[in-house]
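Since we're looking at a predicted model, the values are computed, not measured. For ligands, and for the atoms within them, numbers begin at 1 and follow the listed sequence.
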Amino acid sequence: MLPSLRSICALLALVALADAHGYVRTLAIDGKSYKGNLPREQQPGIPIWQIATTSPVTSTTDPDLACGLGAQPAALTVPAGPGSNISINWASTEPPPSYWFHNVGPIMIYIASCEGTPCAQFDRSAAKWAKIAQAGQKAQFSKDWVQGDLTTGQPYSFSLPDNIKSGEYLLRPEIIALQGAMSGNAEFYVTCIQLNITGNGNGVPNATVSLPGAYNPDDAGINVDVYSTSDLGYVFPGGPIAAFVSDDGAFTFVSI
Ligand SMILES: *[C@@H]1O[C@H](CO)[C@@H](O)[C@H](O)[C@H]1NC(C)=O
Ligand SMILES: *[C@@H]1O[C@H](CO)[C@@H](O)[C@H](O)[C@H]1NC(C)=O
Ligand SMILES: *[C@@H]1O[C@H](CO)[C@@H](O)[C@H](O)[C@H]1NC(C)=O
Ligand SMILES: [Cu+2]
């Protein structure tokens, strides 16, 4: 006898629950909380892009490296300001407490101006991403990574640049899980969050990257055996943290 559609769906749901990956569950900006999108369950009033699955992006050339697998823009763009304290909490898909599951590899935060377009309509493949925060090993020779703190339910917090120019931006938190990286299986967990940054800042990044584009499978921070030694000298992919410099004439932009 053929299994019923209902039992097939139940089976698929179980498979989904067992995938041991994850997503951004909550976001707090200066203490105001926003709930994340549980994959496959679109919720209203959320600034976090809806991803199609909790599975990671697995290729450095996948267009979904920009905002996550099958990501769809959010309905809401939420306020933030220069220096805002942002706190992000990742979860896995298991039943509660369902904390983040992986514990080795970097956390990196990027931001890109939507260049005068509402971020929900902005072409993510054209985004110029500036890295604004990153966290790797807890200390130089430690085998413990800041990512491991997420497995006990702690969030990762960082501040927006304190002179960032106002406008709509996509914020792009990323975790790279490196437990399988020694065999070429780095996992990229990304999402995009729509911010409306107000204030009097005039800072623009001195360096931006494209994603995909900036990462290569052979990068020292992607093709790496994190268990081989604690003396990794871990090299974060995507270059250094950008400085936000005044756009008031300090640079002349020349188009050719
Ligand atoms: C940012 O917010 C988090 C979570 O609310 C808090 O734990 C942290 O201390 C704050 N950081 C700063 C610099 O205020
Ligand atoms: C961004 O904030 C400004 C100032 O409060 C407001 O005028 C504008 O409508 C906001 N835009 C969005 C997309 O929320
Ligand atoms: C941008 O500024 C940062 C911090 O000062 C520096 O490390 C980086 O080299 C600069 N990038 C460029 C392209 O000048
Ligand atoms: Cu996983």
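Taking the six-membered ring for Trp, Tyr23 and Trp49 have ring centres at least 6.0 Å apart.
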Under 3.5 Å, sequence neighbours excluded: what are the donor-acceptor pairs made by side chains of residues 111-120?
{"residue": "Ser113", "atom": "OG", "partner": "Glu115", "partner atom": "N", "Å": "2.9"}
{"residue": "Glu115", "atom": "OE2", "partner": "Lys128", "partner atom": "NZ", "Å": "3.4"}

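When side chains are defined from C-beta on, Gln179 counts as touching Tyr227, because their heavy atoms get closer than 4.5 Å. Within the 4.5 Å cutoff, the side chain of Leu195 has no heavy atoms near those of the Leu170 side chain.
None of the N, O or S atoms belonging to Ser92 lies under 2.8 Å away from the Cu ion (ligand 4).
Our summary of the site lists the angle at the Cu ion (ligand 4) between NE2 of His102 and ND1 of His21 as 170°, to the nearest 10 degrees.
Asp231 and Thr229 form no side-chain donor-acceptor contact under 3.5 Å, judged by distance and modelled atom types alone.
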Step by step, would you call Tyr99 with Trp90 a ring-ring contact (aromatic ring centres under 6.0 Å, His included)?
-> CA-CA 7 Å; Tyr99 296 140; Trp90 280 267; over 10 Å; no
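When all heavy atoms are compared, the tightest approach of Asp62 to Leu69 is OD2-CD2, 3.9 Å.
One N or O on the side chain of Gln194 and one on the backbone of Ala74 form a donor-acceptor pair closer than 3.5 Å.
Within 4.0 Å of ligand 2, contacts by protein heavy atoms are made from Glu168, Asn196, Thr198.
Heavy atoms of Ser157 come nearer than 4.0 angstrom to ligand 1 in at least one pair.
The atoms of ligand 1 that sit less than 4.0 Å from any heavy atom of Ser87 are 4 (C). Remark: ligand 1 atoms within the under-4.0 Å shell around heavy atoms of Asn85 are 1 (C), 2 (O), 3 (C), 8 (C), 10 (C), 11 (N), 12 (C), 14 (O).
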